[in-house]
Amino acid sequence: MDLDFIYQKVQVLSPKAAKIALRMLDKDPHVPTEWVMALRPALAQRSNDAPSFAGTDWMTMAAIERPAIRKFTDRFESREQRHARLWVTSLRKASLAAQGQS
């Protein structure tokens with residue numbers, strides 16, 4: 001998986017999923033700065049129409065940060081939240097793979 005593929009996936013995220021992903025991207029120390037700079041504008045534009053975060057959105061973000069929490073959040077996670085979580089997870093995996101290749 002490369003950055004182009006990840007960038008294309010931004011376009012299919014809902015505004016709410018993009019907002020969650022943007023929040024997580026900004027706080028992720030494992031994603032290279034150049035990736036953040038490339039992806040941030042697309043996520044910001046995509047999330048323009050997103051409503052404010054709800055309680056379950058915060059639970060999804062906690063589940064991204066601490067995967068052990070996920071077993072509690074699965075019941076409450078919406079499709080949008082799941083897409084955001086999976087997008088962030090795939091970005092992290094791609095980042096780790098790219099670091100391993102360098």
Side-chain angles (χ1 to χ4, degrees):
M1 187 177 315
D2 62 0
L3 190 57
D4 288 335
F5 179 79
I6 294 168
Y7 182 79
Q8 289 174 355
K9 287 296 182 185
V10 169
Q11 305 311 315
V12 297
L13 290 174
S14 70
K16 178 72 135 217
K19 186 173 184 174
I20 293 168
L22 178 61
R23 174 75 177 221
M24 297 312 301
L25 179 68
D26 283 345
K27 296 177 61 179
D28 199 325
H30 305 294
V31 177
T33 304
E34 57 272 12
W35 289 24
V36 174
M37 298 301 289
L39 294 168
R40 192 174 201 301
L43 285 168
Q45 181 180 8
R46 189 79 181 134
S47 67
N48 275 342
D49 297 330
S52 299
F53 288 133
T56 57
D57 297 325
W58 294 107
M59 290 297 291
T60 295
M61 288 184 262
I64 292 170
E65 281 300 311
R66 295 184 180 96
I69 294 174
R70 189 166 157 233
K71 62 183 171 188
F72 300 110
T73 62
D74 278 348
R75 296 176 223 157
F76 308 105
E77 196 173 58
S78 71
R79 189 170 142 223
E80 293 176 315
Q81 293 163 338
R82 185 173 45 258
H83 286 167
R85 180 177 49 77
L86 293 173
W87 185 87
V88 171
T89 303
S90 67
L91 178 66
R92 287 180 174 179
K93 287 179 184 176
S95 173
L96 290 171
Q99 290 174 7
Q101 292 176 358
S102 16

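All values reported here derive from a predicted model rather than from experimental measurement.
Taking NZ from Lys19 and CG from Leu13, the interatomic distance works out to 14.5 Å, rounded to the nearest 0.5 Å. Here NE2 of His30 is found 14.5 Å from NZ of Lys93. Values are rounded to the nearest 0.5 Å. From Glu77, atom CD reaches atom CZ of Arg85 across 4.0 Å, with rounding to the nearest 0.5 Å. If you take CG on Leu22 and CE on Met24, they are separated by 11.0 Å, rounding to the nearest 0.5 Å. For the atom pair CG of Leu39 and NZ of Lys9, the computed distance is 14.0 Å after rounding to the nearest 0.5 Å.
Ser78 and Gln81 get closest at one heavy-atom pair: N-OE1, 2.7 Å. Here the shortest heavy-atom pairing between Ala17 and Ala84 reads O-CB, 3.4 Å. Summarising the geometry of Ala21 relative to Val88, their closest heavy-atom pair is CA-CG2, 3.8 Å, with the distance given to 0.1 Å.
Taken together through direct or relayed side-chain contacts under 4.5 Å among Ile, Leu, Val, Met, Phe, Trp and Tyr, Val31 and Ile6 form part of one hydrophobic cluster. Linking ILVMFWY residues whenever their side-chain heavy atoms come closer than 4.5 Å, directly or via other members, leaves Leu25 and Val12 in distinct clusters. Hydrophobic clustering places Leu91 together with Val36 (ILVMFWY residues linked when any side-chain heavy atoms are closer than 4.5 Å, directly or through intermediates). Grouping the Ile, Leu, Val, Met, Phe, Trp and Tyr side chains by contacts below 4.5 angstrom, directly or via other members, places Ile64 apart from Ile69.
Residues meeting the ring pair (Phe, Tyr, Trp, His ring centres under 6.0 Å) test with Phe76, sequence neighbours left out: none. A search for salt bridge (Lys or Arg N to Asp or Glu O under 4.0 Å) contacts involving Arg46 returns nothing, not counting sequence neighbours. Every side chain to side chain contact (heavy atoms under 4.5 Å, CB included) that Gln11 has, sequence neighbours left out, goes to Tyr7, Ala42. Residues satisfying the side-chain hydrogen bond (donor to acceptor under 3.5 Å, both in side chains) test with Gln45, not counting sequence neighbours, are none. For Lys16, the side chain to side chain contact (heavy atoms under 4.5 Å, CB included) criterion is met by Ser14, Ile20, Pro51, Asp57, Glu80, not counting sequence neighbours. Remark: Arg92 pairs with Asp28, Glu65 by the side-chain hydrogen bond (donor to acceptor under 3.5 Å, both in side chains) rule, at least two apart or across chains.
Judged by distance alone, the side chain of Ser90 and the main-chain N or O of Leu86 form a donor-acceptor pair under 3.5 Å.
Proximity of Leu43 to Arg40: side-chain heavy atoms (C-beta onward) are nowhere separated by under 4.5 Å.
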